[in-house]
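Quick caveat: nothing in here was measured; it's all calculated off a predicted structure.
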Amino acid sequence: MIRGNDLEEQVHEPEHIHQVLEAIAGTLPHYLNDFARHQPKATLRTAVEHWHNEQEAYRDYLDLEVLDEFEYDAAAFKSHTASACPIIRRCLNSPSEVMVEYQRSFRLTSGRTLLDAVRSISDFARSYASHFDDRLHEAAAEPADLGLEPLNEGELGVGGVIGYGVQSCMLHGVYPREFALRTQDAVWALYFLSERQDFGLADGSEFLMVYPDRGFCEQNYFYPAQLFGFYALKVFLVLREFCGAKYGKFDDRYRYIYLNAFLGHVAEMHRTDINALRQTSEYVENQPWWR
């Protein structure tokens, strides 16, 4: 996907989704077998422990009573967010070139705008979790069955600051049973799991954001919530079957923590490829072949 272009409508069509799932099904055995060679039980246990380390912070940040207190001083919610929300704190402290625009957007965003969006996210999460059914969730036949489309809507986000990636960190931070974590590594993993194919899309893989004028690319941080959630679920179901047969039954409370650990492993297998694809413009412009 080239920056500035909308995702082609083809990505939402059943035939395209089936093609992506077929490609993923073909590569999963390779990645699962490699995962099995790297102490998966310890990896999954560590992932759950790491989630617990930040769960309280996310729970407190999304607490409606806490949000109510900031209604009397919405401007103060901005500095509170910068320190209290783990994912936003990491984004603001990141030295990565790709985060410069994010940091600028945050500086230009008001506390009131942040507060309204986070309240909407918290309301959505509570309602979604209260109606959540494991059986129905796992039986989803198409992305729309997951009910994640509202996360793509404006009131649950802040342009340049809270998109689906940040939303998913907040949601997963409290509700890992219900919400997949859409990290950068997770999207990169889908790119490699789908064999780097473009499936006929004019702009290339839907999982990448290309910056042709700057000589590098990134994972597609505009990727729709319902599509990511659907592919994440389908990968999880295979992961659970594979690991269950070898290491015992998964605890559904940690469904998407397990998945995130596996997707992180897939991304790590391709770390050299990822680093080459996402080289900063300064690196690219200093290479002999660029001049």
Side-chain angles (χ1 to χ4, degrees), residues 1-7 54 57-58 61 74-118 121 151-152 154 156-173 181-191 203-225 228 260 263-264 267-268 270-291:
M1 179 185 177
I2 297 175
R3 189 182 187 198
N5 290 1
D6 292 331
L7 262 179
E54 292 192 333
Y58 281 116
Y61 182 68
F77 189 69
K78 184 173 181 176
S79 59
H80 173 70
T81 292
S83 62
C85 179
I87 180 58
I88 291 181
R89 183 176 66 244
R90 285 196 290 270
C91 289
L92 294 176
N93 292 332
S94 172
S96 172
E97 179 184 355
V98 78
M99 297 308 300
V100 170
E101 292 183 14
Y102 180 92
Q103 292 157 0
R104 182 182 301 114
S105 295
F106 185 85
R107 289 196 298 270
L108 296 174
T109 300
S110 71
R112 166 51 64 186
T113 299
L114 288 169
L115 179 59
D116 289 346
V118 173
I121 293 169
L151 293 172
N152 300 320
L156 273 77
V158 177
V161 178
I162 300 179
Y164 179 49
V166 172
Q167 288 170 342
S168 78
C169 288
M170 295 178 185
L171 297 169
H172 176 85
L181 179 56
R182 205 240 71 167
T183 63
Q184 295 184 30
D185 273 357
V187 181
W188 281 113
L190 289 179
Y191 171 64
D203 289 337
S205 173
E206 64 205 84
F207 300 113
L208 297 187
M209 182 75 73
V210 181
Y211 296 75
D213 57 328
R214 295 163 67 183
F216 70 103
C217 71
E218 257 296 346
Q219 49 82 29
N220 185 1
Y221 44 80
F222 290 136
Y223 200 69
F228 175 81
N260 190 58
L263 294 180
E268 196 57 41
H270 291 279
R271 189 61 60 195
T272 299
D273 298 319
I274 293 172
N275 289 340
L277 287 166
R278 73 192 306 190
Q279 294 288 4
T280 63
S281 57
E282 287 92 343
Y283 174 89
V284 172
E285 291 164 6
N286 285 325
Q287 300 308 301
W289 45 261
W290 178 262
R291 297 193 292 270

Quick one: do Glu268 and Arg271 make a salt bridge, cutoff under 4.0 Å?
-> yes
Got a second to check how far Cys85's SG is from Phe77's CZ, nearest 0.5 Å?
-> 8.0 Å
With rounding to the nearest 0.5 Å, note down the distance linking CD in Glu206 to CG in Leu190.
-> 9.0 Å
Shortest non-hydrogen pair, Leu263 vs Ala189, comes out as O-CB, 3.5 Å
Starting from the C-alpha separation in whole Å, work towards a yes-or-no answer on side chain to side chain contact (heavy atoms under 4.5 Å, CB included) for Ile274 and Gln184.
-> CA-CA 11 Å; Ile274 293 172; Gln184 295 184 30; over 6 Å; no
Tell me, which pairs form a salt bridge (charged side-chain N to carboxylate O under 4.0 Å, His left out) where one or both residues lie in residues 105-117, sequence neighbours left out?
-> Glu71-Arg112, Arg112-Asp116
State which residues pass side-chain contact (heavy atoms from CB on, under 4.5 Å) with Ser94; sequence neighbours excluded, sorted by chain then number.
-> Ser96, Met99, Gln103
Evaluate the side chain to side chain contact (heavy atoms under 4.5 Å, CB included) criterion for residues Leu114 and Phe106: first the C-alpha distance (whole Å), next the side-chain angles of each, then the deciding distance (0.1 Å), finally the verdict.
-> CA-CA 9 Å; Leu114 288 169; Phe106 185 85; 3.9 Å; yes
Plane angle bin for Trp188 and Tyr191 - parallel if under 30°, tilted between 30 and 60°, otherwise perpendicular = perpendicular
Which pair of non-hydrogen atoms, one from Val161 and one from Tyr102, has the smallest distance, and what is that distance?
-> O-CE1, 2.9 Å
Applying side-chain contact (heavy atoms from CB on, under 4.5 Å), name anything that partners Ala225, two or more places apart in sequence or on another chain.
-> Leu148, Leu151, Asn152, Tyr164
Could I get the full list of side chain to side chain donor-acceptor pair (under 3.5 Å) partners for His270, not counting sequence neighbours?
-> Tyr31, Asp273
Could you name each residue pair satisfying salt bridge (charged side-chain N to carboxylate O under 4.0 Å, His left out) that touches residues 82-93, not counting sequence neighbours?
-> Glu54-Arg90
Nearest-0.5 Å distance, CD1 of residue Ile88 to CG of residue Asn93 = 12.0 Å
Minimum heavy-atom distance between Gly159 and Ser105, given as atom pair plus value = O-CB, 4.3 Å
Under 4.5 Å between any side-chain heavy atoms of Thr109 and Ile162, yes or no?
-> no
Quick one: list whatever passes side-chain contact (heavy atoms from CB on, under 4.5 Å) with Thr183, sequence neighbours left out.
-> Leu181, Asp185, Ala186, Asn260
By side chain to side chain donor-acceptor pair (under 3.5 Å), Thr81 pairs with (sequence neighbours left out) Tyr61
Sorted by chain and residue number, the side chain to side chain donor-acceptor pair (under 3.5 Å) partners of Gln219 (sequence neighbours excluded) come out as Arg182
Distance-minimising heavy-atom pair for Ile121 and Gln167 | CD1-CG, 3.9 Å
Quick one: does Asp203's side chain get under 4.5 Å of Val210's, heavy atoms only?
-> no
